[in-house]
Novice: 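Mind looking over this structure? Questions follow.
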Amino acid sequence: MPDGGLNPAQQTAVKALSGPLLVLAGAGTGKTRVITYRIAELIRRGTTPSRILAVTFTNKAAREMRDRALALIGRRRVEVKPPEISTFHSLCVRVLRRHIHRIGYPSEFAIYDRGDQETVARSALREIRVSNERLRPADLLARIGAWKSQSIRPAMARELAAGDLGELAAVAYDKYQASLKAAGAVDFDDLLLLTEELFENHPEVRFAEATRFDHLLIDEYQDTNGLQYRIVRALAERHRNLCVVGDDDQSIYGWRGAEVEHILHFTRDWPDAVVVKLEDNYRCRAPIIALANTLITHNTARHQKVLRAAKEGGDPPRFARFDDESREAEAVVGEIRRQLDREGPERPVASDYAILFRTNEQPRAFELELRRARIPYVLVGGQSFYDRREIKDLLSYLRVLANPTDEVSLLRIINVPARGLGPGSVQSLLDVAVARGEPLWTALPHAIADGSVPEPVAQRVRAFRDLIEGYRAQATRTPLVDLVRHLVEAIGYRAELTRLYPNAGDAETRWSSVEELFNAVGQYAARADPPTLRGFVEDASLAGRDDERNEDDPRRERAVTLMTLHSAKGLEFHHVYLVGMEEGLLPHHRALAEGSAQIAEERRLCYVGVTRARETLTVTMAKSRMKWGRAEPSLPSRFVLEMRGESARALEIAKAANERPAGGANPSRRGGADSTKKVRPASGAPKVGSKPRPVEAARARSALLRKKSRRG
DNA sequence: CCCTGCGCTTTTTTT
DNA sequence: AAGCGCAGGG
């Protein structure tokens, strides 16, 4: 990045303040910078800060952009009514809180996460008597997601559905949506879908929202799906001050309904749009850019742009292949350890390093090695805090307190800790609710009054209701943290944990996440105005995997980052290890089975990984990898060969992979399997700027490959 | 009703 | 390797 200032392209992007603007920004070309400068420029030219809306992809990105923008503008100037910077989902939550009652949902609606969705999907399938073998809840959810991103409602889905499974799914979709509504709950897609519905059917809502802002900026535009696209259009068509920023080469959420077409066709939708291309990369060393460019040219159907490296010099990326995933982890972690132990002024810190991978099972081996090497690390994503059993239990309690008709949460806690309301009793209670056509919660008094359940059960139900009602009554009076602490005490959750986890250490670990929950509540209460139970629960649902709890954890600053390629989007690190670069992993089996469009997306994913690296990039793979407890042979990814200009061999591998399922004989072993055995700088990649430095490269690679006897 | 243990399946990515 | 569903004994 040029110090302080902006290059000419960036300046154009910042200064074209009115009308539609498309910023095609390659990786590391300073797009976040352009957006923040633009916000500052708008304000400097007299726009009221609060009339600017910027939309980012994650909550974390929103927080960072807010901080940077405020730093640029000067906090004092905007602290009363700052620009609004949020994600699509938070934006829609706010719209829905205000208006959702118009379409028959309570404004206290709960937001269901993936696990809750699966529960609802499962019971929808049960209701229409479809066995899990024919249509798994996860598959149903995938279909529902696809329908929703195209704004297809159950009724229309039934008309469009083709084939047996499609029709079943459409019927299940209907049930699924009905259960959500009955529970007063929405899923992630509903946040967008229902917002769009309000915009469509209630012009006054659309008008109110569209006139709240005069400027709309969208980051990561390549990852917008149909719903988001239509919401953007609805919000921007009056003022037309729409600035979208993105990189079609980094579109990696097609599986979630994102359509690159939106960015590819932006100028068709907005014919008067100004287009600015940012092609100067200030992040990566020249050889890394060369590698990335070589890779991405294997994708067709993209905006023509070539990343130019602003940073000359640097080591060529290295490639290494190991016997199995443990060796791979050992070598990578061993190298990081040696770098951290180096003496001298240029000694790196752990947070300079990132290990990037495709799937969530891959970090295991690396975690093991990092712990063994006593290197601190943070695993981003993985099992999130809010996925932990104890947190889900307690959060369910809080959700029931906020909205007792939230059926999934109620069913989760009605017998946790066990209070003698087992599956049999709960079924009887549910039968009463179904017969009365009302939510379980409101049916409970009737069920225990009319003798539908035996008296002892009725007693327990009464006690449970009293417990919940008691805390509901307190909720507005008691400080949030106290409320949660008392509740946990009252239900005897600590005892439950020691019972569940007889191993004292395990129970302690679980209890410490409960204490972390207390902290999270405390932090929320300190920041929110006013803090409410519902507000906290909502935060927890939307925070998802980017957990801000750890953000101010001092350990994080000194830690190696482990994360998936998807989570790495938008980030950068001095030293990147792109691990597990094997056929079947990247590109993933599933993508290989689905076809070339999916393989192109995997290639973009690889591109994202490569372009995260500022100084050095190391690509590693294993010859064999454990799968379902068995060691399976693994071939180098075709992307490795493409990057190194050996695409002929990549083609061979691709062919072999395609032929394998069909024929018994396996021609693939002849190919590239051993070709990358020796680590070599990318011979095919042009070296920009610096002369090759064979000595250093050789030293680096021997260090990486150095055999170690330590094991076990 | 509650707990334990066995055997079966499952593996992409996430706001 | 791990989570889930189901059967069988307290």
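Since the model is a prediction, treat every value here as computed from it, not as a measurement.
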Novice: With respect to the side chain of A:Phe57, which nucleotide from B:dC1, B:dT13, B:dT15 is positioned closest?
Specialist: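 Nearest nucleotide to the side chain: B:dT15.
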Novice: Think A:Arg590 has a side-chain N or O under 4.0 angstrom from the OP1 or OP2 of B:dT12?
Specialist: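 Yes, within the criterion.
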Novice: Mind checking if A:Tyr253 touches a base, just sugar-phosphate, or nothing, with heavy atoms under 4.0 Å?
Specialist: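 The answer is sugar-phosphate, as A:Tyr253 gets under 4.0 Å only of primed atoms, P, OP1 or OP2.
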Novice: Mind checking whether A:Tyr229 and A:His262 have parallel, tilted or perpendicular rings, split at 30° and 60°?
Specialist: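 Taking A:His262 first and then A:Tyr229, their aromatic rings lie parallel (interplane angle under 30°).
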Novice: Given C:dA2, is OP1 or OP2 found less than 4.0 Å from the side-chain N or O atoms of A:Arg364?
Specialist: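 For C:dA2, OP1 or OP2 has a side-chain N or O of A:Arg364 closer than 4.0 Å.
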Novice: Table please: side-chain donor-acceptor pairs of residues 410-427 of chain A below 3.5 Å, with sequence neighbours left out.
Specialist:
residue	atom	partner	partner atom	Å
A:Arg412	NE	A:Asp393	OD1	2.9
A:Arg412	NH2	A:Asp393	OD1	3.1
A:Asn415	OD1	A:Arg419	N	2.7
A:Asn415	OD1	A:Gly420	N	3.3
A:Asn415	OD1	A:Leu421	N	3.1
A:Asn415	ND2	A:Leu421	O	3.3
A:Arg419	NH1	A:Ile413	O	2.9
A:Arg419	NH1	A:Ile414	O	2.8
A:Arg419	NH2	A:Tyr397	OH	2.8
A:Gln427	NE2	A:Asp431	OD1	3.0

Novice: Would A:His588 pass as stacked on B:dT12, i.e. its ring centre under 5.5 Å from the base's six-membered ring centre and planes under 30° apart?
Specialist: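 Stacking is present between B:dT12 and A:His588, given that their ring centres fall under 5.5 Å apart and the planes under 30°.
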Novice: Please test A:Phe639 against A:His298 for ring-ring contact (aromatic ring centres under 6.0 Å, His included), starting from the C-alpha separation and ending with a verdict.
Specialist: CA-CA 9 Å; A:Phe639 302 148; A:His298 286 84; 8.9 Å; no
Novice: Not counting sequence neighbours, which residues clear side chain to side chain contact (heavy atoms under 4.5 Å, CB included) with A:Leu216? List them please.
Specialist: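 Residues passing side chain to side chain contact (heavy atoms under 4.5 Å, CB included) with A:Leu216: A:Leu53, A:Val55, A:Ile218, A:Val232, A:Leu235, A:Ala236, A:His239, A:Leu242.
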Novice: For the side chain of A:Ser567, starting at C-beta, report the closest nucleotide among B:dC2, B:dT15, B:dT14.
Specialist: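 It is B:dT14.
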Novice: Round to the nearest Å and state the distance from A:Arg63 atom CZ to B:dT15 atom P.
Specialist: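 About 12 Å, once rounded to whole Å.
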Novice: For B:dT15, take OP1 and OP2 only and decide whether either is under 4.0 Å from a side-chain N or O of A:Asn225.
Specialist: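 For B:dT15, neither OP1 nor OP2 has a side-chain N or O of A:Asn225 closer than 4.0 Å.
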Novice: A:Arg534: which residues meet the salt bridge (charged side-chain N to carboxylate O under 4.0 Å, His left out) condition with it, sequence neighbours left out?
Specialist: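 Counting only residues at least two positions away or on another chain, A:Arg534 forms a salt bridge (charged side-chain N to carboxylate O under 4.0 Å, His left out) with A:Glu108.
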Novice: Here's a test of your reading of the structure: between A:Lys627 and A:His89, which maps to the more 5' nucleotide of DNA chain B?
Specialist: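 Whichever sits nearer the 5' end wins; that is A:Lys627.
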Novice: Is any side-chain nitrogen or oxygen of A:Thr58 closer than 4.0 Å to OP1 or OP2 of B:dT14?
Specialist: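 No, because none of the side-chain N or O atoms of A:Thr58 sits under 4.0 Å from OP1 or OP2 of B:dT14.
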Novice: For A:Trp147, enumerate each residue passing the ring pair (Phe, Tyr, Trp, His ring centres under 6.0 Å) test, keeping only those at least two apart in sequence or located in another chain.
Specialist: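 Only A:Tyr173 meet the ring pair (Phe, Tyr, Trp, His ring centres under 6.0 Å) criterion with A:Trp147.
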Novice: Calculate the interatomic distance between A:Leu500 atom CG and B:dC3 atom P; express it in whole Å.
Specialist: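 From A:Leu500 CG to B:dC3 P: 8 Å.
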Novice: Picking from B:dC1, B:dT12, B:dT15, which would you name as closest to the side chain of A:Pro423?
Specialist: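 The listed nucleotide nearest to A:Pro423's side chain is B:dC1.
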Novice: Please work out if A:Asp189 contacts a base, only the sugar-phosphate, or nothing of the nucleic acid, heavy-atom cut-off 4.0 Å.
Specialist: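 Answer is nothing: A:Asp189 stays at 4.0 Å or more from every strand.
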Novice: Does the side-chain ring of A:Trp255 lie flat on the base of B:dT12, meaning centres under 5.5 Å and planes less than 30 degrees apart?
Specialist: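 Stacking between A:Trp255 and B:dT12: absent.
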Novice: Please report the distance, rounded to the nearest Å, between CD in A:Glu220 and P in B:dT14.
Specialist: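 In whole Å, B:dT14 P and A:Glu220 CD are 15 Å from each other.
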Novice: Looking at B:dC2, B:dT14, B:dC3, which one has an atom nearest to any side-chain atom of A:Arg499?
Specialist: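 The nucleotide sitting nearest to the side chain is B:dC3.
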Novice: So which nucleotide from B:dT13, C:dA2, B:dT15 ends up closest to the side chain of A:Asn360?
Specialist: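 My answer, after comparing the listed nucleotides, is B:dT13.
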Novice: Of the listed nucleotides (B:dT15, B:dC1, B:dC2), which one gets closest to any side-chain atom of A:Thr87?
Specialist: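 When the side chain of A:Thr87 is considered, B:dT15 is the closest of B:dT15, B:dC1, B:dC2.
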Novice: Does the side chain of A:Tyr112 pick up a donor-acceptor pair with the side chain of A:Asp406 at under 3.5 Å?
Specialist: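 There is such a pair (donor and acceptor under 3.5 Å, judged by atom type) between the side chains of A:Tyr112 and A:Asp406.
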Novice: Under the salt bridge (charged side-chain N to carboxylate O under 4.0 Å, His left out) rule, collect the residues that match up with A:Glu407, sequence neighbours excluded.
Specialist: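 Salt bridge (charged side-chain N to carboxylate O under 4.0 Å, His left out) list for A:Glu407, sorted by chain: empty.
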Novice: Output one line per pair: protein atom, nucleotide atom from nucleotides 4-10 of chain B, and distance, for all N/O pairs under 3.5 Å.
Specialist:
residue	atom	partner	partner atom	Å
B:dT10	OP1	A:Arg136	NH1	3.2

